[in-house]
There are 2 protein chains.
Amino acid sequence: MQQAEPPDVFNAIAHPVRRQILDALRTEDQPVHVLAAPFAMSRPAISQHLKLLRDAGLVSEMRLGRERRYRLEPTRLRDVADWLAQYEQFWAERLRNLGAYLESTK
Amino acid sequence: MQQAEPPDVFNAIAHPVRRQILDALRTEDQPVHVLAAPFAMSRPAISQHLKLLRDAGLVSEMRLGRERRYRLEPTRLRDVADWLAQYEQFWAERLRNLGAYLESTK
DNA sequence: ATTATACGTAAGGTATTTCTTACTTGTCAA
DNA sequence: TTGACAAGTAAGAAATACCTTACGTATAAT
């Protein structure tokens with residue numbers, strides 16, 4: 001029974017290591033050993049996180065000699081941005097309320 | 001050894017049930033039995049999701065008779081929004097690139 | 001007072017996640 | 001060619017996540 005896993009972006013960015021990997025790719029494409037360097041964990045562990053990020057569509061991979069260069073693919077982050085956008089009106093409301101409160105206690 | 005768990009908002013919103021709960025609270029404060037109703041899972045399971053959301057600071061609880069009314073506390077979603085904001089420039093860049101590409105192939 | 005409702009917490013089972021080490025493949029360097 | 005480097009995959013251990021049922025407590029209704 002093999003249901004094609006939905007690329008769950010929310011789940012992909014839930015892990016701090018994976019967020020840090022994405023952050024590292026913000027500057028520039030990077031090979032795995034560079035991405036793995038900052039972490040106190042084995043390189044295969046990073047490879048596995050990268051696979052998950054790949055499956056989520058958040059990064060792409062290109063072979064370059066014996067390296068594999070990873071590139072940030074940020075478009076899927078829209079899912080998160082869109083979801084968040086529904087709450088922005090709430091923030092605005094909160095700020096108005098706070099403003100009114102501060103006004104009233106002045 | 002008891003390290004105070006960091007309220008991990010990213011982790012809190014990773015689970016679809018928890019996102020749906022937050023969505024339900026966007027309209028209005030709700031008691032647990034109302035929040036639980038749409039889900040094909042036991043009420044205690046929902047209680048546990050609510051505890052996680054509470055610990056993450058995403059909802060607050062107030063007793064009201066025998067109910068507990070939950071309220072959305074969206075401010076902590078800023079963590080996510082701030083993180084995402086770092087990628088927005090990337091989207092803009094992508095759009096520019098796409099624009100240039102479309103222009104070049106016209 | 002008794003019973004029903006709303007909810008949390010406890011305990012436990014199972015699935016999933018996230019590591020590890022061992023191994024394989026492909027590429028570059030001597 | 002032989003050896004070193006880059007990186008993926010496999011298998012398994014350990015931790016965590018997420019559900020269930022059972023139970024306890026507080027409030028409301030009869």
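The sequence lines fix the lettering, A, B, ..., with proteins before strands; numbering per chain opens at 1. Computed from heavy atoms alone, side chains included, the values below leave out hydrogens, waters and symmetry copies.
Across Ser60(B) and Glu73(B), no two heavy atoms sit closer than the pair OG-OE2, 2.8 Å. Between Ala24(B) and Leu35(B), the closest heavy-atom pair is CB-CD2, 3.9 Å.
Between Phe10(B) and Trp83(B), the ring planes are perpendicular. Angles over 60° get that label, and only those under 30° would be called parallel.
Linking ILVMFWY side-chain heavy atoms closer than 4.5 Å, directly or via other members, places Ile21(B) and Leu52(B) in two distinct hydrophobic clusters. Linking ILVMFWY residues whenever their side-chain heavy atoms come closer than 4.5 Å, directly or via other members, places Val32(A) and Met41(A) in the same cluster. A continuous path of ILVMFWY side-chain contacts below 4.5 Å connects Leu22(B) to Phe39(B), so both sit in one hydrophobic cluster.
Ion pairing between a basic and an acidic side chain is recognised when a charged N comes within 4.0 Å of a carboxylate O; Asp29(B) and Arg69(B) show no such pairing.
A heavy atom lying under 4.0 Å from DNA chain D marks the following residues of residues 60-70 of chain B, by number: Gly65(B), Arg66(B).
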Inset, instruction - Go through the steps to decide whether Glu61(B) and Tyr70(B) satisfy the test side-chain contact (heavy atoms from CB on, under 4.5 Å), and finish with yes or no. - result: CA-CA 5 Å; Glu61(B) 172 223 86; Tyr70(B) 278 84; 3.7 Å; yes
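Checking side-chain atoms of Tyr87(B) against main-chain N and O of Arg78(A) turns up no donor-acceptor pair under 3.5 Å. Checking side-chain atoms of Arg18(B) against main-chain N and O of Asn11(B) turns up a donor-acceptor pair under 3.5 Å.
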Inset, instruction - Can you check each nucleotide of nucleotides 14-25 of chain C against protein heavy atoms at under 4.0 Å and return B for base, S for sugar-phosphate only, - for none, in 5' to 3' order? - result: ----SBBBB---
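Along DNA chain D, read 5' to 3', the first and last nucleotides having any atom under 4.0 Å from a heavy atom of chain B are dC18(D) to dA29(D).
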